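I have placed the structure first, in the form of structure tokens, so that the comments after it can refer back to it.
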Protein chains: 2
Amino acid sequence: MRVLLIEDDTVLGAAVRDQIKAEAHSVDWVTRLDEAGDHIAAASYDLVLLDLMLPDGRGLPFLRELRKHGDVTPVIILTALDQISDRIDGLNAGADDYMVKPFDLCELSARLAAVARRYTGNPNPLVNIGDLEVDLAARSVRRQGKLLPLTAREWVLFEGFVQHPGQILSKTQLEERLYAFDTEIESNTIEVHISRLRKKLGREKIDTVRGMGYRLGEA
Amino acid sequence: MRVLLIEDDTVLGAAVRDQIKAEAHSVDWVTRLDEAGDHIAAASYDLVLLDLMLPDGRGLPFLRELRKHGDVTPVIILTALDQISDRIDGLNAGADDYMVKPFDLCELSARLAAVARRYTGNPNPLVNIGDLEVDLAARSVRRQGKLLPLTAREWVLFEGFVQHPGQILSKTQLEERLYAFDTEIESNTIEVHISRLRKKLGREKIDTVRGMGYRLGEA
DNA sequence: ACATGCCGTTCAGCTTGTTGTCAGGAAACA
DNA sequence: TGTTTCCTGACAACAAGCTGAACGGCATGT
């Protein structure tokens with residue numbers, strides 16, 4: 001399921017994003033309404049989470065505009081406690097539901113599940129890397145439909161490359177991905193994992209940038 | 001389709017009844033839970049519309065009781081705007097969907113259609129997993145027509161895999177399915193249940209992804 | 001009340017896959 | 001050519017997962 005999160009609070013936004021991800025949906029998170037408009041125009045979502053108080057304009061007119069154009073994507077609005085009238089207006093403007101901040105993540109899960117139950121089916125976006133199909137939400141990699149089994153470590157590394165295409169990731173950065181801040185490591189572990197990844201996915205998927213790190217293959 | 005409507009508001013109730021009738025379904029409308037219990041015991045319905053606020057007792061315990069007795073009739077709960085927690089509890093208690101009062105009659109139609117699609121003669125409810133036939137509505141699994149008896153926990157787990165094919169479900173997620181957010185557990189219960197599931201359904205139906213979780217088998 | 005059977009959980013011992021390390025070789029660069 | 005950096009096969013240690021067995025709870029039937 002694809003979810004668009006429109007929320008300017010970075011702390012709350014990150015928490016919500018992570019929770020949705022944890023339920024294996026894919027999330028696009030934007031902090032401004034104009035961005036949101038671009039995203040909605042470009043992709044089709046199964047659910048929109050809309051904060052009503054945003055820096056660049058109120059969410060209500062945005063929602064009305066959306067509905068006016070015939071968009072029927074389920075929208076759940078997020079409001080603060082003291083904005084009761086907003087809530088009513090929101091529902092009248094075409095929102096399907098609302099949540100009062102601060103809300104429990106369990107509550108979010110329940111709403112997600114409710115939407116997912118009647119959701120029409122935009123599959124999670126697939127990223128194509130050469131002949132590979134990567135599903136970040138499901139944590140799977142396929143070649144010609146065939147599942148390529150990656151281990152936990154291998155997946156964490158590869159995910160890093162897919163999320164930052166074209167960017168060089170140093171060994172240090174990769175180590176930090178693998179070992180959250182604590183364990184020091186002193187050997188060529190990263191090299192070994194890269195080697196194993198290449199063996200499974202194809203040599204050309206990961207480029208070596210000598211002295212700097214690694215990068216997702218161009219072709 | 002046969003619908004049981006449990007709603008004490010005479011105005012809303014009549015409107016809903018008429019709408020359902022207009023869609024060529026048959027409706028039994030009751031205003032109290034004890035009546036509802038009698039009806040359910042006597043006849044078999046395809047859908048229950050349950051108002052959570054009734055004069056003779058709360059609807060939630062009623063719903064839980066129903067599910068506890070193995071009744072899998074789809075239930076859509078009706079709640080007022082200010083009863084958010086009820087809604088969440090309702091979904092956790094086994095409701096399939098919810099609608100917020102006051103709701104549009106078009107919305108009702110849409111939900112009815114969704115339920116009808118999902119639960120009546122459509123090819124949809126039968127899922128094929130390898131040599132297995134899974135009926136999500138009836139909670140049954142068959143191999144060559146022969147029923148494979150699953151226990152409650154086993155079914156909950158397996159249902160999770162069937163509903164999220166291709167996705168990795170972590171042990172934590174599976175635990176949350178089994179113990180709705182309350183009970184902590186500390187042992188290899190999940191592993192044991194998985195083991196028993198595999199013994200009954202076939203080893204290859206559930207893949208282990210070490211360090212990450214389990215996933216429905218591909219082939 | 002007692003016996004019976006089923007189910008869920010726990011434990012212990014076993015099996016298996018992952019992963020960090022190393023070492024020798026290959027490639028890039030000066 | 002020498003030096004640095006990286007690659008990769010092999011391997012042992014360990015953690016993760018598997019599963020038979022046993023225990024206790026709950027419900028049902030006698």
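These numbers come from a predicted model, not from an experiment. Here is the naming used below: chain letters follow the sequence lines, and residue numbers restart at 1 for every chain.
The interatomic distance linking A/E191 (CD) with D/dG9 (P) rounds to 14 Å, in whole Å. Across the protein-nucleic acid pair, B/L174 atom CG and C/dT9 atom P stand 13 Å apart, rounded to whole Å. In this structure, A/K200 atom NZ and D/dG9 atom P are separated by 13 Å, rounded to whole Å. What separates CD1 of B/I194 from P of C/dT16 is a distance of 19 Å, to the nearest Å. Rounded to an integer number of Å, the gap from A/I190 CD1 to D/dT5 C1' is 15 Å. If you measure from atom CG of A/L157 to atom P of D/dC7, you get 13 Å, rounded to the nearest angstrom.
For A/K171 and D/dC6, the shortest distance from a side-chain N or O to OP1 or OP2 is below 4.0 Å. Not one side-chain nitrogen or oxygen of A/R196 sits closer than 4.0 Å to the OP1 or OP2 atom of D/dA10. Contact annotation: B/S195 does not reach the phosphate of D/dG17 (side-chain N/O to OP1 or OP2, under 4.0 Å). Taking side-chain N and O atoms only, A/H193 has a distance below 4.0 Å to OP1 or OP2 of C/dG20. In this structure, B/K199 reaches the D/dG20 phosphate: one of its side-chain N or O atoms is under 4.0 Å from OP1 or OP2.
Under the 3.5 Å distance criterion, with hydrogens and angles disregarded, a donor-acceptor pair is assigned to the side chains of A/R198 and A/T208.
Shown are B/D28, B/V48, B/L47; of these, the side chain to side chain contact (heavy atoms under 4.5 Å, CB included) with B/R2 is made only by B/D28. Checked options A/L174, A/L169, A/T172; the residue passing with A/I190 is A/L174 (criterion: side chain to side chain contact (heavy atoms under 4.5 Å, CB included)).
Residues B/E154 and B/R196 are not paired through a salt bridge, judged by the lack of any N-O separation under 4.0 Å between the basic side chain and the carboxylate.
Contacts with DNA chain C (heavy atom under 4.0 Å) in residues 148-155 of chain B: B/T151, B/A152, B/R153, listed by number. Near-neighbour residues of DNA chain C inside residues 205-214 of chain B, defined by a heavy atom below 4.0 Å, number-ordered: B/R210.
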N/O donor-acceptor pairs under 3.5 Å from side chains in residues 4-14 of chain A, not counting sequence neighbours:
residue, atom, partner, partner atom, Å
A/E7, OE2, A/D9, N, 2.9
A/D9, OD1, A/V11, N, 2.8
A/D9, OD1, A/L12, N, 3.0

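Judged by distance alone, the side chain of B/K205 and the main-chain N or O of B/L201 form a donor-acceptor pair under 3.5 Å. Judged by distance alone, with hydrogens and angles left aside, the side-chain atoms of B/Q163 form no donor-acceptor pair with the main-chain N or O of B/G160 at under 3.5 Å. The main-chain N or O of A/E191 is never found under 3.5 Å from a side-chain atom of A/N188 such that the two would form a donor-acceptor pair.
Between A/Y214 and A/F161, the ring-plane angle classifies as perpendicular under the 30° and 60° cut-offs.
Under 3.5 Å, the side chain of B/N188 and the base of D/dT19 form at least one donor-acceptor pair of N or O atoms.
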